[in-house]
*Asks:* 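Okay, here's the structure, questions in a sec.
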Amino acid sequence: MIKNICCIGAGYVGGPTMAIIAQKCPHIKVTVVDLNEKRIADWNDPNVDNIPIYEPGLSAIVAESRGRNLFFSTDVDSAIDEADMIFISVNTPTKTYGVGKGMAADLKYIELCARQIAKIAKSDKIVVEKSTLPVRTASAIKNILEHTGNGVKFQILSNPEFLAEGTAVADLLNPDRVLIGGDTDAEGQKAVQKLVDIYSNWVPKNQILTTNIWSSELSKLTANAFLAQRVSSINSMSELCEKTGAEISEIAKAIGMDNRIGSEFLKSSVGFGGSCFKKDILNLVYIAKSYGLNEVADYWEQVIIMNDHQTARFAKNIVKKLYNTVSGKKIAILGWAFKKDTNDTRESAAIYVADNLLAEQANLVVFDPKVKEHQIYTDLNHLATRPHGENIEGVTVVDNPYEACNETHAIAILTEWEEFKTYDWEKIYNHMQKPAFIFDGRNLLDKNELERIGFVYQAVGS
Ligand code: NAD
Ligand code: UDX
């Protein structure tokens, strides 16, 4: 039985996933390690509300187990040494250099973990791929681990994570399924069973699916590609709606009631963001191309092309509606996170909309309930479209939504935060330039009510 788990990577996946394992398996010691000292210090902050990741319900769960059987540490070597099972939950971003630049997953952090495990391990270990990886990565990890010459036996499992940010705790407590892939021989199956036993502490057995390791690895990329494809499909229709008088929300409802289609993931928006969809589809496209499957690659690439188009046309439309110029005009951006209930901004549509508007010389005022000022400047600087000084000049970040909207020509809603619905829109209207425009990139607000107040209200797909 597994008594000691180490998880390498204390990020959006490693932190919440291990917090739930620790909560549900008080008999297992769980140590989450990371090279990032600040991140570990934040996870250990005596005030549990300061943990580095905002997820509804997470801080209470961390408070329950931290110091009992859940530990956060920068001592990677000791945690590896003690563990029977090691989860690798490090980032696998898109490569920014060399072969596969801009498409392939950068596996350098994965390889570093494998080499570290190989160097430190003195007893047999089960190594679990928790990160999202290209199909057949397990064979590379195995190869590194098997050539250390210290006689330690390793089993590699694939256990991709399907949690979505903003609902991570609920998703982890009640997953649609847990997927575990392993070698099909007896030793491999023994290792699979050990991981099944851990999840069985709270997940019904019939929802724990075991497969061969390649199916498990590829299922993760496939799931994200299918989910993103639904968003791009509905967004493609939103543009047609805007030309024809059809309403995208009515269409989504009408098609979603067909059981074969289903109603989830049909919400038209300014475009999907997040750290996963774009990266994983680019990776899928790269893998397909590397096997010479050009039609497969082109098919999935279109999902990203459509998404980029949706975000770009949202920004263009603002300029067009504001009489073809936003130069010197003040525009409020409400919401910077890539979706509600998270402080994560990776690949958020807001970054690209803001960048487009800054290129048109707009003055932006940004408010997000959970994203900090420095993150907003970091995101814009990362695009390297203009010098940092110009981003500072063009963007003001405030911590009050009413201040954000004061004296603006237009408001762009870019994250679907629930609190936006509760604002006093009459008061906001009274303090804006007229005509007062709202561009609702999430179809969040009540069109009739806003039009009654006097706003020019424009949603996506209507
Ligand atoms: P993240 O960037 O939030 O966290 C990764 C952490 O790993 C970082 O804190 C980094 O410092 C640490 N790290 C990197 N190399 C290390 C090393 N050699 N030793 C110790 N620590 C190291 O990333 P994330 O969002 O948690 O994603 C992790 C993986 O999970 C990715 O492969 C991602 O695709 C996948 N995933 C993410 C989500 C999500 O919603 N974010 C969901 C499912 C799967
Ligand atoms: C996604 C997958 O859902 C999850 O299973 C995987 O583990 C990680 O990647 P995440 O990126 O955290 O999760 O959030 P998700 O809810 O999938 O939303 C992704 C983006 O799509 C967000 O920007 C969201 O606003 C957008 N979206 C989602 C839409 O625009 N419309 C929808 O109908 C659904």
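Side chains included, hydrogens not; waters and symmetry mates left out as well; all remaining heavy atoms used.
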*Asks:* Any sub-3.5 Å donor-acceptor pair from Ser131's side-chain atoms to Val90's backbone N or O?
*Replies:* yes
*Asks:* Nearest 0.5 Å, what's the SG-CD1 distance between Cys113 and Ile80?
*Replies:* 7.5 Å
*Asks:* Please find the pair of heavy atoms, one from Ser238 and one from Ser268, that lie closest to each other, and give the distance.
*Replies:* CB-OG, 3.2 Å
*Asks:* Is any side-chain heavy atom of Val128 closer than 4.5 Å to one of Leu195?
*Replies:* yes
*Asks:* Regarding Tyr299 and Glu295, do their side chains bring together a donor and an acceptor under 3.5 Å, going by distance alone?
*Replies:* no
*Asks:* Side chains of Ile21 and Asn201: closer than 4.5 Å at any heavy-atom pair?
*Replies:* no
*Asks:* Any sub-3.5 Å donor-acceptor pair from Thr378's side-chain atoms to His374's backbone N or O?
*Replies:* yes
*Asks:* With distance as the sole test, does Lys340 use its side chain to make a donor-acceptor pair with the main-chain N or O of Glu418 at under 3.5 Å?
*Replies:* no
*Asks:* Flag the pair Val398 / Val366 as yes when at least one side-chain heavy-atom distance between them is below 4.5 Å, and no otherwise.
*Replies:* no
*Asks:* Which heavy atom in Ala252 sits nearest to a heavy atom in Leu266, and how many Å separate them?
*Replies:* CB-O, 3.5 Å
*Asks:* Quiz question: by atom type and distance under 3.5 Å, do the side chains of Asp341 and Trp417 form a donor-acceptor pair?
*Replies:* no
*Asks:* Write down the atom of Ile281, the atom of Ala228, and the distance for their closest heavy-atom approach.
*Replies:* CD1-CB, 3.5 Å
*Asks:* Nearest 0.5 Å, what's the CG-CG distance between Asp368 and Leu414?
*Replies:* 10.0 Å
*Asks:* I'd like to know if the side chain of Arg386 reaches the main chain of Asp355, judged simply by a donor and an acceptor atom lying under 3.5 Å from each other, with no hydrogens or angles considered.
*Replies:* yes
*Asks:* Would you mind checking if Lys370 and Glu55 are paired as a salt bridge, meaning a charged N to carboxylate O distance below 4.0 Å?
*Replies:* no
*Asks:* When you check the gap from the basic side-chain N to the acidic O, do Lys29 and Glu82 get nearer than 4.0 Å?
*Replies:* yes
*Asks:* May I ask you to check if Arg136 and Trp214 form a cation-pi contact, with NZ or CZ under 6.0 angstrom from the six-membered ring centre and within 45° of the axis?
*Replies:* yes
*Asks:* Mind checking the NZ-CG spacing from Lys339 to Asp344? Nearest 0.5 Å is all I need.
*Replies:* 10.0 Å
*Asks:* Measure the shortest side-chain to side-chain distance between Leu444 and Lys421 over non-hydrogen atoms and say whether it is less than 4.5 angstrom.
*Replies:* yes
*Asks:* Are any of the side-chain heavy atoms of Ser269 and Lys267 separated by less than 4.5 Å?
*Replies:* no
*Asks:* Give a yes or no answer on whether the side chain of Asp185 reaches the backbone of Gly188 with a donor-acceptor pair at less than 3.5 Å.
*Replies:* yes
*Asks:* Would you find more than 12 non-hydrogen atoms of other residues, nucleotides or ligands less than 6.0 Å from Phe226 atom CZ?
*Replies:* no
*Asks:* Would the distance check show the side chain of Asp124 and the main-chain N or O of Lys153 forming a donor-acceptor pair, the cut-off being under 3.5 Å?
*Replies:* yes
*Asks:* Given side chains that start at C-beta, do those of Val178 and Phe162 come closer than 4.5 Å, heavy atoms only?
*Replies:* no
*Asks:* Do Ser200 and Asp197 have side-chain N/O donor and acceptor atoms under 3.5 Å apart?
*Replies:* no
*Asks:* Is there a donor-acceptor contact under 3.5 Å from the side chain of Asp171 to the main chain of Ala164?
*Replies:* yes
*Asks:* Drop me the distance from Lys119's NZ to Asp77's CG, to the nearest 0.5 angstrom.
*Replies:* 6.0 Å
*Asks:* Is there any salt bridge (charged side-chain N to carboxylate O under 4.0 Å, His left out) pair reaching into residues 374-385, and which pairs are they, with sequence neighbours excluded?
*Replies:* none
*Asks:* Could you tell me if Thr94 and Lys101 have a donor-acceptor pair between their side chains, going purely by distance under 3.5 Å?
*Replies:* no
*Asks:* From the options Asp106, Thr92, Asn224, select the one residue that forms a side-chain hydrogen bond (donor to acceptor under 3.5 Å, both in side chains) with Lys279.
*Replies:* Thr92
*Asks:* So if I apply the side-chain contact (heavy atoms from CB on, under 4.5 Å) rule between Asn283 and each of Thr132, Leu221, Val135, which one comes out positive?
*Replies:* Leu221
*Asks:* Just by distance, with hydrogens left out, do Glu217 and Thr137 show a side-chain donor and acceptor under 3.5 Å apart?
*Replies:* no
*Asks:* If the condition is side-chain hydrogen bond (donor to acceptor under 3.5 Å, both in side chains), which residues does Glu161 pass it with, not counting sequence neighbours?
*Replies:* Lys130
*Asks:* Spell out, as yes or no, whether a donor-acceptor pair under 3.5 Å connects the side chain of Ser236 to the backbone of Ser233.
*Replies:* yes
*Asks:* Between His309 (side chain) and Ile305 (backbone), is there a donor-acceptor pair under 3.5 Å?
*Replies:* no
*Asks:* Could you grab the distance from atom NZ of Lys95 to atom OH of Tyr97, nearest 0.5 Å is fine?
*Replies:* 5.0 Å
*Asks:* Taking only Lys NZ, Arg NE, NH1 and NH2, and the carboxylate oxygens of Asp or Glu, determine whether Lys190 and Glu187 approach each other closer than 4.0 Å.
*Replies:* yes
*Asks:* Checking Arg39 against Thr74: is there a side-chain donor and acceptor pair closer than 3.5 Å?
*Replies:* no
*Asks:* Regarding Arg115 and Glu111, does a basic nitrogen lie under 4.0 Å from an acidic carboxylate oxygen?
*Replies:* yes
*Asks:* Would you call the rings of His388 and Tyr377 parallel, tilted or perpendicular, taking 30° and 60° as the class edges?
*Replies:* perpendicular
*Asks:* How far apart are the C-alpha atoms of Ser275 and Glu347, what are their side-chain angles, what is the distance that settles it, and do they pass the side-chain hydrogen bond (donor to acceptor under 3.5 Å, both in side chains) test?
*Replies:* CA-CA 6 Å; Ser275 63; Glu347 287 299 324; over 6 Å; no
*Asks:* So, are Lys142 and Asp183 salt-bridged, with charged N and O less than 4.0 Å apart?
*Replies:* yes
*Asks:* Between Lys220 and Thr222, does any side-chain donor sit less than 3.5 Å from a side-chain acceptor?
*Replies:* no
*Asks:* Less than 4.0 Å between a side-chain N and a carboxylate O, is that true for Asp84 and Lys194?
*Replies:* no
*Asks:* Establish, from distance only, whether the side-chain atoms of Asn381 and Asn391 form a donor-acceptor pair under 3.5 Å.
*Replies:* yes
*Asks:* Do Arg66's NZ or CZ and the ring of Phe71 fall within the cation-pi criteria of under 6.0 Å and 45°?
*Replies:* no
*Asks:* Working to the nearest 0.5 Å, report the span between CD1 of Ile141 and CG of Leu133.
*Replies:* 6.0 Å
*Asks:* Give a yes-or-no answer on whether the side chains of Ser232 and Asn307 include a donor-acceptor pair shorter than 3.5 Å.
*Replies:* no
*Asks:* What are the two closest heavy atoms between Ile51 and Ser59, and how far apart are they?
*Replies:* CD1-CA, 3.8 Å
*Asks:* Would a 4.5 Å heavy-atom cut-off, applied to side chains only, mark Val203 and Pro175 as touching?
*Replies:* yes
*Asks:* Closest heavy-atom contact between Val460 and Gly441?
*Replies:* CG2-CA, 3.8 Å
*Asks:* Under a 3.5 Å distance rule, please check whether Asn69 uses its side chain to pair with a backbone N or O of Ala22 as donor and acceptor.
*Replies:* yes
*Asks:* Shortest non-hydrogen contact from Asn443 to Ala459?
*Replies:* OD1-CB, 3.1 Å
*Asks:* Taking atom types as modelled, find out whether Gln302 and Asp298 have a side-chain donor-acceptor pair closer than 3.5 angstrom.
*Replies:* no
*Asks:* What is the ring orientation for Phe277 with Phe272, classed by angle as parallel under 30°, tilted 30 to 60°, or perpendicular over 60°?
*Replies:* perpendicular
*Asks:* Have Asn91 and Tyr12 got a donor and an acceptor in their side chains that come within less than 3.5 Å?
*Replies:* no
*Asks:* Report, as yes or no, whether the 6.0 Å neighbourhood of atom NE2 on His382 holds more than 12 heavy atoms from other residues, nucleotides or ligands.
*Replies:* no
*Asks:* Are any non-hydrogen side-chain atoms of Asn356 and Phe314 less than 4.5 angstrom apart?
*Replies:* no
*Asks:* Are Asn159 and Tyr199 close enough that a side-chain donor and a side-chain acceptor fall under 3.5 Å?
*Replies:* yes
*Asks:* Considering residues, nucleotides and ligands other than Asp399, do more than 12 of their heavy atoms fall under 6.0 Å from its CG?
*Replies:* no
